[in-house]
Amino acid sequence: MYTSPKPLPFLPEEGSIAYVPESDPFMQHARRVSETVARGCMWRVGSVFVRDGAVLAQAGNNEAITEQPIFCVRKAIGCKTGERYDLCALCRGPHAEATAVQRAKEQGVDLAGADAYLYGHWWCCKPCWTAMLDAGVSRVYLVEEATEKFEVLPQSRPNWHEVPKVCITGDHPEVGPLLRRGLLLAGIVEDPAGVAIAFDGDTVAINGTVHTIIDPYETVKALSCLLHDPLVARYAS
């Protein structure tokens, strides 16, 4: 029986996590939702709520998000669940579990006693657990090897035609380390031939687009979005 090689960042006493093979029909349903509805550069998550063999509600994460971050700023900073969701569009946008719960509520669908099937992540955050428990859902099924699929390996876009690269010149004592950690977690490497990132005092430029550094966290958030287009244009198929 599969168990996660890493501790779950959050799991309430009232909730439980179990694992099913990817071939499970409801997990396949959740995967299709993640591939067709969910949005996001790194995490495309689909959730399906099931009771008595019937799908009651489904949703993908970030369905209406238009920002395009290339990595998660909260992950680079090391935020805990529930902290600083404002820094990352991928985290700030509606999560798949909570969105499905809200959708069911709006449609008058009772989720009490239903099970949640989640594809695209390896745990559920505190706000999502709160929404599910309030709706009477206490059991979540994840795909076997979810941790290895969605956390242990670097989070990166699935359609890079080669490893994305950046060339960083200069530095900033606060922004530099956070930026490098975010890039590392996203599988983006430093290389002289990569997309140019140039620090100069209190400014940083990406391919000539200059950003003034005022707040380090907000600056890393901006850089994560500014990097999206040039990296995708050069390295994505």
Side-chain angles (χ1 to χ4, degrees), residues 15 17-75 81 85-111 114-137 139-151 153 155-160 186 224-225 228-229 232 236-237:
I17 294 283
Y19 298 89
V20 296
E22 192 160 332
S23 59
D24 179 275
F26 295 120
M27 189 57 69
Q28 283 287 305
H29 191 134
R31 179 175 181 173
R32 286 193 295 273
V33 172
S34 76
E35 293 173 342
T36 59
V37 178
R39 294 174 57 85
C41 294
M42 295 176 287
W43 294 273
R44 295 181 183 268
V45 183
S47 66
V48 175
F49 288 77
V50 179
R51 187 177 60 229
D52 298 329
V55 174
L56 304 177
Q58 65 182 48
N61 67 322
N62 303 323
E63 291 186 14
I65 288 294
T66 57
E67 292 179 60
Q68 300 280 356
I70 207 71
F71 63 81
C72 175
V73 179
R74 294 180 62 253
K75 199 171 182 67
T81 182
Y85 284 156
D86 58 294
L87 290 173
C88 180
L90 298 175
C91 298
R92 184 175 68 253
H95 291 190
E97 309 96 292
T99 299
V101 170
Q102 180 61 33
R103 191 164 291 162
K105 186 180 300 184
E106 292 170 353
Q107 296 173 353
V109 176
D110 182 10
L111 293 180
D115 296 326
Y117 288 77
L118 190 71
Y119 187 92
H121 213 352
W122 66 290
W123 62 289
C124 302
C125 69
K126 184 176 181 179
C128 283
W129 268 117
T130 299
M132 289 189 290
L133 291 171
D134 286 348
V137 178
R139 183 164 50 192
V140 173
Y141 287 101
L142 303 177
V143 66
E144 289 178 346
E145 299 184 351
T147 306
E148 289 84 351
K149 287 177 181 290
F150 306 119
E151 169 62 13
L153 297 177
Q155 297 287 344
S156 59
R157 292 178 61 91
N159 58 341
W160 298 121
S224 177
C225 291
H228 180 272
D229 287 351
V232 168
S237 56

Subject >> 4.5 Å side-chain heavy-atom contact, Val50 and Tyr117 >> reply: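 They are in contact (side-chain heavy atoms under 4.5 Å apart), so the answer is yes.
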Any side-chain to backbone donor/acceptor pair from [X] onto [Y]? Under 3.5 Å, distance only.
X: Thr81; Y: Cys125; answer: no
X: Ser224; Y: Pro69; answer: no
X: Arg74; Y: Arg92; answer: no

Find the distance between [atom1] ([X]) and [atom2] ([Y]) and round it off to the nearest 0.5 Å.
X: Asn62; Y: Arg44; atom1: CG; atom2: CZ; result: 9.5 Å
X: Arg32; Y: Met27; atom1: CZ; atom2: CE; result: 12.0 Å
X: Lys105; Y: Leu111; atom1: NZ; atom2: CG; result: 9.5 Å
X: Ile17; Y: Trp129; atom1: CD1; atom2: CH2; result: 5.0 Å

Please name the pair of heavy atoms, one in [X] and one in [Y], separated by the smallest distance, quoted to 0.1 Å.
X: Cys124; Y: Leu118; value: SG-CD2, 3.7 Å
X: Ala146; Y: Tyr19; value: CB-CE2, 4.4 Å
X: Cys91; Y: Cys72; value: SG-SG, 3.6 Å
X: Gly46; Y: Val33; value: CA-CG1, 3.9 Å
X: Asn61; Y: Ala38; value: OD1-CB, 3.0 Å
X: Val37; Y: Gly60; value: CG1-N, 4.1 Å

Who are the salt bridge (charged side-chain N to carboxylate O under 4.0 Å, His left out) partners of [X], not counting sequence neighbours?
X: Asp115; result: Arg139
X: Asp86; result: Arg84
X: Glu22; result: Arg31, Lys149

Original post:
Does Phe49 have any ring-ring contact (aromatic ring centres under 6.0 Å, His included) partners at least two apart in sequence or in another chain, and if so, which?
Top reply: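 If we apply the ring-ring contact (aromatic ring centres under 6.0 Å, His included) test to Phe49, skipping adjacent residues, there are no hits.
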Subject >> Steps toward side chain to side chain contact (heavy atoms under 4.5 Å, CB included) verdict (Val101, Val137) >> reply: CA-CA 9 Å; Val101 170; Val137 178; 5.7 Å; no
**OP:** Kindly write out the residues that satisfy side-chain hydrogen bond (donor to acceptor under 3.5 Å, both in side chains) with Gln58, not counting sequence neighbours, or none if the list is empty.
**Re:**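 For Gln58, the residues satisfying side-chain hydrogen bond (donor to acceptor under 3.5 Å, both in side chains) (neighbours in sequence not counted) are His29.
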Original post:
Does any pair with a residue in residues 91-110 pass ring-ring contact (aromatic ring centres under 6.0 Å, His included), and if so which ones, sequence neighbours excluded?
Top reply: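 Non-adjacent pairs meeting ring-ring contact (aromatic ring centres under 6.0 Å, His included): Tyr85-His95.
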**OP:** Dump the intermediate steps for side chain to side chain contact (heavy atoms under 4.5 Å, CB included) on Glu151 and Lys75, then the final yes or no.
**Re:** CA-CA 11 Å; Glu151 169 62 13; Lys75 199 171 182 67; 2.8 Å; yes
